[in-house]
Number of protein chains: 2
Amino acid sequence: MWMTIDLNSEIPIYSQIRNQIIEGIVTGSVRTNDSLPSVRQFAADLGINLHTVNKAYNLLKQEGFVQVHRQKGAVVNPPDSYRANDEYYTNVNEALRPIIAESLCRGVAREDFLNICERIYEEYGNVKEGDNNG
Amino acid sequence: MWMTIDLNSEIPIYSQIRNQIIEGIVTGSVRTNDSLPSVRQFAADLGINLHTVNKAYNLLKQEGFVQVHRQKGAVVNPPDSYRANDEYYTNVNEALRPIIAESLCRGVAREDFLNICERIYEEYGNVKEGDNNG
DNA sequence: TATATGTTATATATATAATATAACAGATAT
DNA sequence: ATATCTGTTATATTATATATATAACATATA
């Protein structure tokens, strides 16, 4: 299984799991209708508690990325289930504002900042809209 | 005093203070050599504890934005004291990666994302590098 | 000398994060 | 039928982060 957990990170373990599953959807290693490992199996593989995995799965469920069935486990939804909406755009803005303010404060030119973003976009393979999985 | 604190936010109060002071440097309402309010005065104004303000000030100190004198309080450093360095660029990348991955996953096109960033940059007044204060 | 500053030290309360066990309910394979 | 695997729920415990409450200390200044 891909996925590496940093126990010393300030990012909670369940957030690390969530983020890496979303990364998996982007890069194509996780596809629509894929079943994620069971909470017990995944927890054992990572050497952590099943409740931590469960928390990550329920977060992904709440955000529309997966559906949790009692028997099939967590199944990845089709892209239409988690398309960006107004709420998400609001969240992105609120997340970016302090980052950009600090960059501006530290003398990072607009062009440089946009280049950083573009580099990350390319790192994820220049996936086209609606073409990231399915 | 500008600065509004949202006690119900999931963002810690000391982070809100830190972020808004950095915003103040960007917009020009806080300038080099300005003294920030004393921890007791600021805490009283905001209706919070002085230790919460002190934590924000020490964070800003650790990040190079201010110098804390025993008597003068927290004084804003000149821009050269907090210019972006390699460590900061690493931090920005780590902060942006999960945001961009999720945007990509949710079908936000690269152009749209960059437009959001540009809009925020313009919101802060298109300050030129090295010209944001001083 | 009084006052204001940041600093340090305790103590407490609350919330979050993570773990540890245990049991429950439902589907599936043997 | 029975064993096994699923997510789920329930309790309890530990550790850490956040925020507050008091108090005292050291130092510069009016």
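Per chain, numbering begins at 1; letters A, B, ... match sequence-line order.
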* To do: Could you walk me through whether B:Arg18 and B:Glu63 pass the salt bridge (charged side-chain N to carboxylate O under 4.0 Å, His left out) test, one step at a time?
  => CA-CA 10 Å; B:Arg18 186 208 88 120; B:Glu63 296 177 317; 2.7 Å; yes
* To do: Determine the sole option in B:Ile17, B:Asn58, B:Leu36 for which the side chain to side chain contact (heavy atoms under 4.5 Å, CB included) test with B:Val53 is passed.
  => B:Ile17
* Asked: In whole angstrom, what separates A:Gln67's CD from D:dT8's P?
  -> 12 Å
* **B:Val68 or A:Leu7, whichever maps to the more 5' nucleotide of DNA chain C** => B:Val68
* **Residues which pass side chain to side chain donor-acceptor pair (under 3.5 Å) with B:Arg97, listed by chain and number, not counting sequence neighbours** => A:Glu123
* So, does A:Asp112 use its side chain to make a donor-acceptor pair with the main chain of A:Val108 at under 3.5 Å? -> no
Using a 3.5 Å cut-off and no angle test, enumerate the donor-acceptor pairs between side-chain atoms of residues 19-26 of chain A and protein atoms at least two apart in sequence or in another chain.
unit_1, atom_1, unit_2, atom_2, d
A:Asn19, ND2, A:Ser15, O, 3.3
A:Gln20, OE1, A:Thr4, N, 3.2
A:Gln20, NE2, A:Thr4, O, 2.7
A:Glu23, OE2, A:Tyr124, OH, 2.8

* Protein-to-nucleotide contact annotation, 5' to 3' order, nucleotides 22-30 of chain C [B base; S sugar-phosphate only; - none; under 4.0 Å, heavy atom] -> -B-BBB---
* Ring geometry between B:Trp2 and B:Phe42 (parallel below 30°, tilted from 30 to 60°, perpendicular above 60°) -> perpendicular
* Contacts to DNA chain D from residues 8-19 of chain A, heavy-atom cutoff under 4.0 Å, which residues? -> none
* Structure fact -> In whole angstroms, the gap separating P of C:dA18 from CG of A:Leu46 amounts to 12 Å
* Asked: Closer than 4.0 Å, any side-chain N/O of A:Asn54 to the OP1 or OP2 of D:dG7?
  -> no
* Asked: Between A:Asp45 and A:Gln41, do the side chains contain an N or O donor and an N or O acceptor separated by less than 3.5 Å?
  -> yes
* Just jot down the ring pair (Phe, Tyr, Trp, His ring centres under 6.0 Å) partners of A:Phe65, sequence neighbours excluded, or say none. => A:Tyr82
* To do: Calculate the interatomic distance between B:Gln62 atom CD and C:dT7 atom P; express it in whole Å.
  => 14 Å
* What is the distance from CG of A:Asp6 to C1' of C:dA18, rounded to the nearest Å? -> 15 Å
* Protein-nucleotide distance (A:Ile48, atom CD1; D:dA15, atom C1'), rounded to Å -> 17 Å
* To do: Could you tell me which residues satisfy salt bridge (charged side-chain N to carboxylate O under 4.0 Å, His left out) with A:Asp34, sequence neighbours excluded, listed by chain and number?
  => none
* Asked: What nucleic acid atoms does A:Lys55 come within less than 4.0 Å of, heavy atoms only: base, sugar-phosphate, or nothing?
  -> sugar-phosphate
* Return the value, rounded to whole Å, for the distance between atom CG of A:Asn49 and atom C1' of D:dT11. => 13 Å
* Asked: So, is A:Thr52 close to the C:dA17 phosphate, meaning a side-chain N or O under 4.0 Å from OP1 or OP2?
  -> no
